[in-house]
2 protein chains.
Amino acid sequence: MSSQKMENSFGETIRKLREENNLFLREVSAQLEIDASILSKIENNNRIAKKELIKKFSTLFNTDYNELLIIWLSDKIVNELKDEKNIKKVLKIAEQKINNGKK
Amino acid sequence: MSSQKMENSFGETIRKLREENNLFLREVSAQLEIDASILSKIENNNRIAKKELIKKFSTLFNTDYNELLIIWLSDKIVNELKDEKNIKKVLKIAEQKINNGKK
DNA sequence: TTTGACTTGACAATATTTGTCAAATTTAGA
DNA sequence: TCTAAATTTGACAAATATTGTCAAGTCAAA
């Protein structure tokens with residue numbers, strides 16, 4: 001349905017989608033075949049969604065898969081770097097490595 | 001000792017350091033208290049070094065810890081994104097999130 | 001208060017990562 | 001080439017980390 005702000009966390013994103021659709025957490029979790037407690041944790045960024053869930057979210061909310069994936073991936077990167085120093089430098093080097101086609 | 005090219009992989013970096021110091025893999029692995037097979041895999045980028053090893057490497061080779069850490073972290077990021085599309089966008093969003101102080 | 005929606009925490013079940021070991025391969029020197 | 005040392009590889013076990021389940025908890029609206 002609606003396009004998401006990429007700067008939002010994955011949790012914020014799917015909570016917003018759920019609320020736009022006026023669905024209870026319990027209803028969404030049933031559709032996704034996961035326990036409501038897990039969805040709650042995901043929405044509150046207390047747990048990272050399994051990658052396969054992204055597809056289910058995009059189908060359920062009729063929203064773009066790649067958009068959600070980008071949000072999810074960027075969350076993972078942020079999570080991996082959040083306690084580190086020199087984050088900008090790390091990202092810059094990572095991008096260089098990717099451009100060079102290096103592993 | 002010498003400063004490392006950041007665009008190199010962690011494996012290439014420590015192999016170069018080892019060779020500059022004319023040490024056998026077996027000697028370095030003994031210093032690091034890991035099996036030689038693990039070090040071999042790390043040098044060949046077939047396994048990611050545990051984070052705590054970075055400190056030992058920097059001590060052993062008398063090289064800057066933060067430099068090695070940046071190389072190691074950027075490798076991890078590359079690894080996480082290597083099979084994905086929209087990598088540049090993901091990195092851009094990740095940086096935005098970090099700048100915004102968001103999780 | 002009761003009810004329904006959501007959250008939290010403990011812990012069990014799974015999955016992933018890491019270490020160990022032996023065998024295979026490669027390399028360097030006689 | 002032959003040999004021995006150096007390195008690599010792969011199978012598996014051990015250790016860690018992630019995920020799922022469930023019961024108890026909080027919170028807000030009636």
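Chain naming here is simple, since letters A, B, ... match the order of the sequence lines and numbering starts at 1 in each.
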Practice problem: Record whether the side chain of Ser37(A) comes under 3.5 Å of the base of dC22(D) through a donor-acceptor pair of N or O atoms. | Solution: yes
Quiz item: Hey, does the side chain of Lys97(B) reach the backbone of Asn8(A) with a donor-acceptor pair shorter than 3.5 angstrom?
Solution: yes
Quiz item: Can a donor-acceptor pair under 3.5 Å be found between the side-chain atoms of Lys41(B) and the base atoms of dG10(D)?
Solution: yes
Quiz item: Is the phosphate of dC6(C), meaning OP1 or OP2, less than 4.0 Å from a side-chain N or O of Arg18(A)?
Solution: yes
Quiz item: dT8(C), dG20(D), dC21(C): which one has an atom nearest the side-chain heavy atoms of Ser40(A)?
Solution: dT8(C)
Self-check item: Carboxylate-amine/guanidinium contact Arg18(A) Glu27(A), below 4.0 Å
Solution: no
Exercise. Can you figure out which of dG19(C), dG20(D), dT7(C) approaches the side chain of Ile38(B) most closely?
Key: dG19(C)
Practice problem: Could you work out which one of dT7(C), dC22(D), dT8(D) sits closest to the side chain of Asn44(B)? | Solution: dT8(D)
Exercise. Establish, with yes or no, whether the OP1 or OP2 oxygen of dT8(D) is under 4.0 angstrom from a side-chain nitrogen or oxygen of Arg15(B).
Key: yes
Self-check item: First of Phe24(B) and Asn46(B) reached from the 5' end of DNA chain D, by closest nucleotide
Solution: Phe24(B)
Exercise. Report which part of the nucleic acid Leu25(B) touches: base, sugar-phosphate, or nothing (heavy-atom distance under 4.0 Å, all strands).
Key: sugar-phosphate
Exercise. Identify whether any heavy atom of Arg47(B) sits under 4.0 Å from a base atom; if not, whether one sits that close to sugar-phosphate; answer base, sugar-phosphate or nothing.
Key: base
Quiz item: In terms of heavy-atom contacts, does NZ of Lys56(B) have more than 12 from other residues, nucleotides or ligands at under 6.0 Å?
Solution: yes
